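Reading through the structure tokens given below for one structure.
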2 protein chains.
Amino acid sequence: MSADVLTIGEAARRTGVSAKMIRWYEATGLLPPAARSEAGYRHYGEADLHTLRFIRRARDLGFSVGAITDLLALWRDRARPSAGVKAIAQEQITDLRRRIAELEGMARTLEHLADACCGDDRPECPILDDLAAADRGPARRRLAGGFARRGLVRGGT
Amino acid sequence: MSADVLTIGEAARRTGVSAKMIRWYEATGLLPPAARSEAGYRHYGEADLHTLRFIRRARDLGFSVGAITDLLALWRDRARPSAGVKAIAQEQITDLRRRIAELEGMARTLEHLADACCGDDRPECPILDDLAAADRGPARRRLAGGFARRGLVRGGT
DNA sequence: CTTGACCTTCCCATGATGGGAACCCCCATC
DNA sequence: GATGGGGGTTCCCATCATGGGAAGGTCAAG
């Protein structure tokens, strides 16, 4: 095997994308079919490694495979308008911010509840009391402190 | 059917847990098997609704079904030490904070990149340049600090 | 030639959720 | 009594990206 051609395992080691994932990316069309040896082994060259590192980096930034498909197409198109790339990035930022706000709401509510819970061997527990509170219908809570009510927790800041 | 017994659809409407999910919770053991009519319809009473609302609220706070199993057991045990509940809540808080930090790292990186990208019809694009940067070799991701170390990056809601 | 590391494909599981098919049941209305 | 509609039942499939593992072929070193 010539010096600049690697097996899938080597490519995986050098790019941080597992061999399993490389095959899956190929199967689903994110990557074009790899070159094969006579015995059927996949072979990867420098350009392939470059693409794999691109994918890995994009995954690390939370992009979905669908978004990466678009990013790769733009990357390969040397005449692309950067506006297209920026739009994808901004969608991703919006999505990340939305998810962060959601988790933040949950975390804050739980922190309030945990603060109010002694955490000793007595059974009184504001956390369970909150979970069990039956009157969580319409907008009205009597839990002191103005915690996240349903709807705020899931939705916004 | 006596007045205080509801079908699964009614129970779903009154608790915010979908009928599908109620069946699934039962199938996986989070809920005990529901009472059945002669024709095989599931029946739910007030206590069941209470439990379902408990589950719904816990899901809204991001608890996994596994954690909810534990919380339900503690809820039903009137002699439980609140320390057990608090410990579960704190694990959840830790997990939420970790996920938030991960997403926050991605968002900040992307925001920097997007800020540096003109987003016009010219092809120059710092976002693609970053994704394509080849100097991000295997074992050394210099992002070590706060970012996406692979894992629950995409943990959805 | 054997051994062991590596490759191939294929199937299965994850977690929580929804969609939909095929079929049964109940009640009200004609 | 027949019929229709709405809702129940079970079962299978899809998501999204990932890993685990089995069965079998390949390659290089000893």
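Remember, predicted model here, so these are calculated numbers, not experimental data. So that the names make sense, note that chain A is the first sequence line, chain B the second, and so on, each numbered from 1.
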From the list D:dT18, D:dT9, D:dG21, which nucleotide is the closest neighbour of the side chain of B:Ile8?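 The nucleotide sitting nearest to the side chain is D:dT9.
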
Please determine whether a side-chain nitrogen of the Lys or Arg among B:Arg97 and B:Glu104 lies less than 4.0 Å from a carboxylate oxygen of the Asp or Glu. no

Is it true that B:Glu26 and B:Arg23 make a salt bridge, defined as a side-chain N closer than 4.0 Å to a carboxylate O?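 Looking at B:Glu26 and B:Arg23, the cut-off is not met.
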
Nearest whole Å is fine: how far is C:dT17 P from B:Lys20 NZ?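 After rounding, the gap between these two atoms is 13 Å.
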
Tell me: CE of A:Met21 to P of D:dG19, nearest whole Å? 6 Å

Please determine whether a side-chain nitrogen or oxygen atom of [X] lies at a distance below 4.0 Å from atom OP1 or OP2 of [N].
| X | N | answer |
| --- | --- | --- |
| B:Arg42 | D:dT9 | yes |
| B:Tyr41 | C:dC24 | no |
| A:Arg23 | D:dG19 | no |
| B:Ser18 | C:dG18 | yes |
| B:Arg36 | D:dG8 | no |
| B:Thr7 | D:dG8 | yes |

Shortest non-hydrogen contact from A:Trp75 to B:Leu128? CA-CD1, 3.8 Å

Rounded (10°) bend between the five-pair end axes of the helix from C:dC1-D:dG30 to C:dC30-D:dG1: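 That helix gives 30° between its end axes.
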
